[in-house]
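Beneath this line is the structure, given in structure tokens, with notes to follow.
These values consider heavy atoms only, across backbone and side chains, with no hydrogens, waters or symmetry-generated copies.
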Amino acid sequence: MIVTVERAQEIGGAIAAPPSKSMAHRAVLCAALAKGTSHIRNLEFSKDIAATLAAAGQLCARVTTGENDAVVEGLGQFRPVSAPVDCCESGSTLRFLIPLASLTGQEITFVGRGRLMERPQSVYEELYRAKGLRFEQTPSGLTVEGLLSSGDYTLAGNVSSQFISGLLFALPLLAGTSTLRLLPPVESRSYIDMTRAVQAAFGVESRWLDETTLEISGGQEYHPCDYTVEGDYSQAAFPAVLGAVAGGVTLTGLAEKTLQGDAAILDILRRCGAKFTPTAAGIVFEQAPLHGTDIDLADCPDLGPVLMVLGLLCKGTTVIRNAERLRIKESDRIEAMEMELRKCGGVLFSEGGTITITGCAGALHAPGEVLSGHNDHRVVMSLAVLALAAGLKLPIAEAEAVTKSWPNFFTAIKPLGAEVQDVG
């Protein structure tokens with residue numbers, strides 16, 4: 001699918017942040033692990049969330065979906081699993097489910113699409129081998145077998161918090177107390193605490209013994225509850241950057257107090273000179289001159305692609321640090337964004353996980369070719385923001401990638417002044 005995105009009129013209007021994908025994954029799994037019926041409200045049925053709902057139904061729950069909600073009836077036990085569990089392209093689904101599969105005693109195979117089976121799982125592989133459990137990963141699938149046990153686990157704190165969250169889901173269901181010792185630095189701590197907060201809503205607790213050690217009591221049970229998913233700051237970053245550059249945008253649906261690490265987008269924009277005001281109607285952005293700043297992505301890696309666009313539209317130099325994990329997402333997001341932004345006159349380079357961007361708003365231009373979305377939802381949405389913020393007409397291929405996280409993205413941006421045409 002190729003779309004062209006351009007301004008149809010002056011940018012302005014209101015846009016609602018979609019539900020938090022990160023919190024929805026967690027709520028669905030906690031509900032599936034509880035014995036009884038939970039009602040999860042404010043869901044966006046992206047491909048990632050659909051994958052988690054389907055997997056929950058395959059492993060231990062009955063799932064009924066509505067227009068923007070789901071009723072999850074946890075069975076209180078695991079089903080026999082005879083077919084592979086399809087995680088689509090969702091790294092969260094896969095990494096959250098691996099330890100849960102190892103509570104069943106069954107041989108369970110996970111499959112996926114895109115780059116999912118190429119993404120590193122070495123944290124789990126090392127833990128499983130140390131515990132004498134089977135862990136086999138090939139380009140076609142990942143198979144685990146054997147029973148997880150309680151006890152002490154040591155794992156890196158700077159690879160992905162998804163591994164830590166996966167263990168947090170499973171370990172409370174075992175008989176004994178477990179300890180997670182995280183080798184510093186511990187990055188994405190906000191995602192770990194998000195997992196713990198959602199678990200607490202379903203009656204399961206853990207605690208920090210110190211800055212790098214979590215204790216999880218065994219013998220716990222998840223209890224059903226009604227849960228409403230809050231708005232997603234990582235998706236809200238796209239219209240927020242547009243509003244910071246062009247003004248006139250009101251962003252609704254976000255919780256002022258949140259554990260989402262991507263809420264850092266507001267502080268980053270403020271440090272770039274953005275003017276915005278929280279009001280009863282939402283966060284209202286005014287146009288303001290923007291300047292570059294130094295950004296640490298350690299706790300908010302999903303913001304990387306759209307912040308690369310922001311850097312081009314700021315005066316001076318923007319440096320993004322600790323972005324290494326962008327290279328092992330749905331695409332190598334650093335390489336993908338560099339490639340496409342340069343086609344539009346962007347000036348930027350990277351070394352490892354550090355990206356240096358030179359503001360060049362006046363030199364940006366429409367490309368002489370169709371831009372690639374690299375089958376990556378955040379790349380596609382970032383290029384759409386560039387089109388609207390810089391006033392360019394940009395053709396973007398693989399635009400359907402937005403269905404991974406925000407299926408209605410192109411419909412949502414039209415009231416802001418966007419013209420989106422499907423050209424093939």
Side-chain angles (χ1 to χ4, degrees), residues 18-46 48-81 85 87 90 92-106 108 148 150 162 164-178 191-207 214 216-232 255 257-260:
S20 167
K21 185 161 68 83
S22 295
M23 298 192 106
H25 279 301
R26 290 159 168 81
V28 167
L29 288 182
C30 288
L33 293 168
K35 186 175 183 179
T37 301
S38 299
H39 191 180
I40 313 299
R41 295 183 173 87
N42 195 31
L43 284 177
E44 176 88 69
F45 293 105
S46 63
D48 280 12
I49 296 305
T52 294
L53 285 164
Q58 188 175 355
L59 289 175
C60 56
R62 296 186 187 95
V63 177
T64 305
T65 58
E67 183 178 353
N68 60 359
D69 65 341
V71 174
V72 180
E73 182 187 351
L75 303 177
Q77 61 185 6
F78 290 99
R79 300 177 187 268
V81 179
V85 178
C87 298
S90 175
S92 294
T93 305
L94 176 61
R95 288 171 175 166
F96 290 169
L97 289 179
I98 287 172
L100 293 177
S102 298
L103 297 179
T104 71
Q106 302 176 60
I108 294 182
L148 198 68
S150 57
Q162 292 169 350
I164 300 163
S165 289
L167 289 166
L168 281 171
F169 285 122
L171 292 175
L173 298 175
L174 297 173
T177 296
S178 297
Y191 284 93
I192 300 170
D193 284 335
M194 188 191 305
T195 300
R196 297 176 59 245
V198 178
Q199 286 182 292
F202 288 82
V204 168
E205 302 282 350
S206 58
R207 66 189 184 107
L214 279 161
I216 306 101
S217 297
Q220 299 189 63
E221 295 181 356
Y222 289 88
H223 299 287
C225 78
D226 291 347
Y227 190 91
T228 300
V229 178
E230 67 181 55
D232 194 330
K257 293 182 178 180
T258 181
L259 290 171
Q260 294 180 57

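In this structure, Thr177 and Ser217 approach most closely via the heavy-atom pair OG1-CA, 4.0 Å. Annotation for Leu259 and Ala197: closest pair CD1-CB, 3.4 Å, computed over non-hydrogen atoms. Pairing each heavy atom of Arg196 with each of Ser206, the nearest pair is NH2-O, 2.7 Å. Ala31 approaches Ser38 most closely through the heavy-atom pair CB-CB, 3.6 Å. Closest approach of Tyr222 to Phe169, counting heavy atoms only: OH-O, 2.8 Å. The heavy-atom pair separating Ile216 from Pro172 by the smallest distance is CG2-CG, 3.4 Å.
Thr37 places no side-chain N or O within donor-acceptor distance of the main-chain N or O of Glu73, the cut-off being under 3.5 Å. In this structure, Thr104 contributes its side chain and Leu100 its backbone to no donor-acceptor pair below 3.5 Å. Between the side chain of Asn42 and the backbone N or O of Thr228, no donor-acceptor pair lies under 3.5 Å. A donor-acceptor distance shorter than 3.5 angstrom exists from the side chain of Gln106 to the backbone of Arg79, with no hydrogens or angles considered. At least one donor-acceptor pair closer than 3.5 Å links the side chain of Gln260 to the backbone N or O of Gly231. Between the Arg26 side chain and the Ser22 main chain, a donor and an acceptor come within less than 3.5 Å of each other.
Summarising the geometry, atom CG belonging to Leu167 is positioned 12.5 Å from atom CZ belonging to Arg95; distances are rounded to the nearest 0.5 Å. Put simply, CG on Leu29 and CZ on Phe202 are 10.0 Å apart, with the number rounded to the nearest 0.5 Å. Here the straight-line distance linking atom CD1 of Ile40 with atom CE of Met23 works out to 11.5 Å at 0.5 Å rounding. Taking CD of Gln77 as the reference point, atom CG of Leu59 lies at 12.5 Å (rounded to 0.5 Å). Between the CG atom in Leu97 and the OG atom in Ser102 there is a gap of 10.5 Å [rounded to 0.5 Å]. One distance of note links OG of Ser178 with CG of Leu173; it measures 10.5 Å at 0.5 Å rounding.
Taking Asp232 as the reference, nothing meets the salt bridge (Lys or Arg N to Asp or Glu O under 4.0 Å) condition, with sequence neighbours excluded.
Side-chain contact annotation: Thr52 with Thr93, donor-acceptor N/O pair under 3.5 Å present. His25 and Asp48 are not linked by any side-chain donor-acceptor pair at a separation below 3.5 angstrom, with hydrogens and angles left out of the test. Inspection of the Glu230 and Ser20 side chains reveals no N or O donor paired with an N or O acceptor under 3.5 Å.
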Next on the checklist: As a quick check of understanding, evaluate side chain to side chain contact (heavy atoms under 4.5 Å, CB included) for Leu174 and Leu103, giving each step before the final call.
Outcome noted: CA-CA 8 Å; Leu174 297 173; Leu103 297 179; 3.5 Å; yes
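Looking at heavy atoms from C-beta onward, Lys35 lies out of side-chain contact with Glu221 at the 4.5 angstrom threshold. Contact check for Leu33 versus Phe78: side-chain heavy atoms found under the 4.5 Å cut-off. Taking 4.5 Å as the limit, some side-chain heavy atom of Ile192 sits within range of a side-chain heavy atom of Leu214. A heavy-atom distance below 4.5 Å is found between the side chains of Phe45 and Leu53.
Checking each of Thr64, Asp226, Asp69 against His39 for a side chain to side chain donor-acceptor pair (under 3.5 Å) leaves exactly one that passes, namely Asp69.
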